Peer 1: 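My questions all concern the structure below.
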Amino acid sequence: MKVSREHFHNLKELPREEYLSPGSSLCAGCGALVTLRLVHKVLGENVVIVNAAGCMTLMAAYPYTPLRSSWLYTTMSGASAGAQGIRDALDILLSQGRIPASEDLKVLVLAGDGSTFDMGLSATSAAIYRNLDFWYLCYDNEAYGNTGFQSSASSPFGSATTTSPTGSLQEKKDIFEIWRAQKPAYLATISSHEAVDLAEKVYRASQYKGSKLFLSLAVCPTGWGFDPELSEKIAQLAIETGVWPLKEAVQGTVRHTYIPSRFRLVEEYLKPQRRFRNLFQPERKDAVLAHIQANIDHYWETVRRLEKVS
Ligand SMILES: Cc1ncc(C[n+]2csc(CCOP(=O)(O)OP(=O)(O)O)c2C)c(N)n1
Ligand code: SF4
């Protein structure tokens, strides 16, 4: 089930302009980079990226940058506070007529899950509370990638990281629901694999003043342990197994923008990734696999009940 779209209906309708030039120091097959490229296409040129320390801060190493937009590097915890400062400065310059409206910028926080789920949650919660007019893109690679793939509060149950080599025993924090409780103007999950869904959501969000937050599953060949050529396949499997629901919430009211007509078993998503190898070798961990599948099934049963879809 796909919801009807108002603006973007197919890939050909996506803007052709590129704001991210090819070639950067990031890994081949990095899903975060593809997501940023797509989001930027819809936001256009007048953007200032407020980038919390993480993998994406390696994009721009002075004096080089692949970005056509402006960029500010912040601490892991301070990106949303930095966004407030930039928004305030722009508003003052605009109100004093020191810059024309055509030079106004969209303020976009770019942060990993370590910043988003852990260190920067307080600053982001405060920004949403103030209904700061900003954009927030979390590229969720489900660990502290830049420093060697340590567990974050986003690391899924059973996944191996350098600080949980035999598999995490904690459940992934539901940051979507934590943010949603504050009823931000717009909130959505996105995936690089569903580019049209992503573009439509960024377009829809642009109609709202206030906090606009996006959570993207960022497939990570280096940390997750798969060949970079499989990146889009893994992103697709996350959606088709129901691991990564595509949804949006306008002022807190949720709807799913895509529901697979037939769900694949979660094993299809887990097996190709080295971080889940311990679930299959040296022997199969049936109880853990059943637990992961049951969580997904429970989620979608609830969706069917609440959104009354068959
Ligand atoms: C307070 C603090 N602790 C540790 C670091 C070191 N550090 C820099 S990037 C990074 C990882 C960030 O993880 P995440 O936000 O998930 O982004 P990713 O690296 O995965 O892109 C860490 C721990 C830091 N910059 N600040
Ligand atoms: S470690 Fe993962 S998220 Fe970081 S640049 Fe490489 S592929 Fe991208």
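None of the values given here were measured: they were computed from a predicted structure. When reading the values below, keep in mind they use all heavy atoms of this one structure, side chains included, and skip hydrogens, waters and symmetry mates. Start at 1 and go down the list; that is how both ligands and their atoms are numbered.
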Peer 1: Among the heavy atoms of G145, does any lie under 4.0 Å from an atom of ligand 2?
Peer 2: no

Peer 1: Geometry only, no angles: is G145 polar-contacting ligand 1 at N/O separations under 3.5 Å?
Peer 2: yes

Peer 1: For I99 and D104: C-alpha separation, side-chain torsions, deciding distance, then whether side chain to side chain contact (heavy atoms under 4.5 Å, CB included) applies.
Peer 2: CA-CA 8 Å; I99 57 168; D104 191 12; 5.5 Å; no

Peer 1: Could you check H40, M59, K41 and say which one makes a side-chain contact (heavy atoms from CB on, under 4.5 Å) with L20?
Peer 2: M59

Peer 1: Taking heavy atoms and a distance under 4.0 Å, where does M119 meet ligand 1: side chain, backbone, both or neither?
Peer 2: side chain

Peer 1: Which ligand 1 atoms, with their elements, are less than 4.0 angstrom from a heavy-atom of T147?
Peer 2: 7 (N), 10 (C), 11 (C), 22 (C), 23 (C)

Peer 1: Are any of the N or O atoms of M56 closer than 3.5 Å to those of ligand 1?
Peer 2: no

Peer 1: Got an N, O or S from C220 under 2.8 Å of atom 4 (Fe) of ligand 2?
Peer 2: no

Peer 1: Quick one: look up the protein heavy atom nearest atom 3 (S) of ligand 2 and list residue, atom name and how far away it is.
Peer 2: N141 ND2, 3.2 Å

Peer 1: If the plane angle is over 60° it's perpendicular, under 30° parallel, otherwise tilted; pick one for Y299 and H256.
Peer 2: perpendicular

Peer 1: Applying a heavy-atom cut-off of 4.0 Å, say which part of A143 lies close to ligand 1: side chain, backbone, both or neither.
Peer 2: backbone

Peer 1: What verdict does the side chain to side chain contact (heavy atoms under 4.5 Å, CB included) test give for F149 and Y144, after you've listed the backbone C-alpha separation in whole Å, the side-chain angles of each residue and the deciding distance to 0.1 Å?
Peer 2: CA-CA 5 Å; F149 214 71; Y144 289 78; over 6 Å; no

Peer 1: Nearest protein heavy atom to atom 4 (Fe) of ligand 2, by residue and atom, and its distance?
Peer 2: C55 SG, 2.3 Å

Peer 1: Can you find a non-hydrogen atom of A218 under 4.0 Å from ligand 2?
Peer 2: no

Peer 1: Any side-chain donor paired with an acceptor under 3.5 Å for S164 and T161?
Peer 2: yes

Peer 1: Is the distance between atom 6 (Fe) of ligand 2 and the nearest N/O/S atom of C30 smaller than 2.8 Å?
Peer 2: no

Peer 1: Just to confirm my output: which protein heavy-atom neighbour is closest to atom 16 (O) of ligand 1, and how far is it?
Peer 2: G114 N, 2.8 Å

Peer 1: Apply the side-chain contact (heavy atoms from CB on, under 4.5 Å) test between L43 and each candidate in L108, L38, L105; give the one that qualifies.
Peer 2: L108

Peer 1: Which residue supplies the protein heavy atom nearest to atom 6 (Fe) of ligand 2, what is that atom called, and how far is it?
Peer 2: C27 SG, 2.3 Å

Peer 1: Hey, what's the ring geometry for F276 with Y269, parallel, tilted or perpendicular (30° and 60° as the breaks)?
Peer 2: tilted

Peer 1: Compare all side-chain heavy atoms of E248 with those of L187 and state whether any distance is below 4.5 angstrom.
Peer 2: no

Peer 1: Please write down residue, atom name and distance for the protein heavy atom closest to atom 9 (S) of ligand 1.
Peer 2: N146 OD1, 3.4 Å

Peer 1: Using a 6.0 Å distance limit plus a 45 degree cone around the ring axis, check whether K201 lies over the aromatic ring of F214.
Peer 2: no

Peer 1: With a 4.0 Å heavy-atom cut-off (strictly under), which part of N141 contacts ligand 1: side chain, backbone, both or neither?
Peer 2: side chain

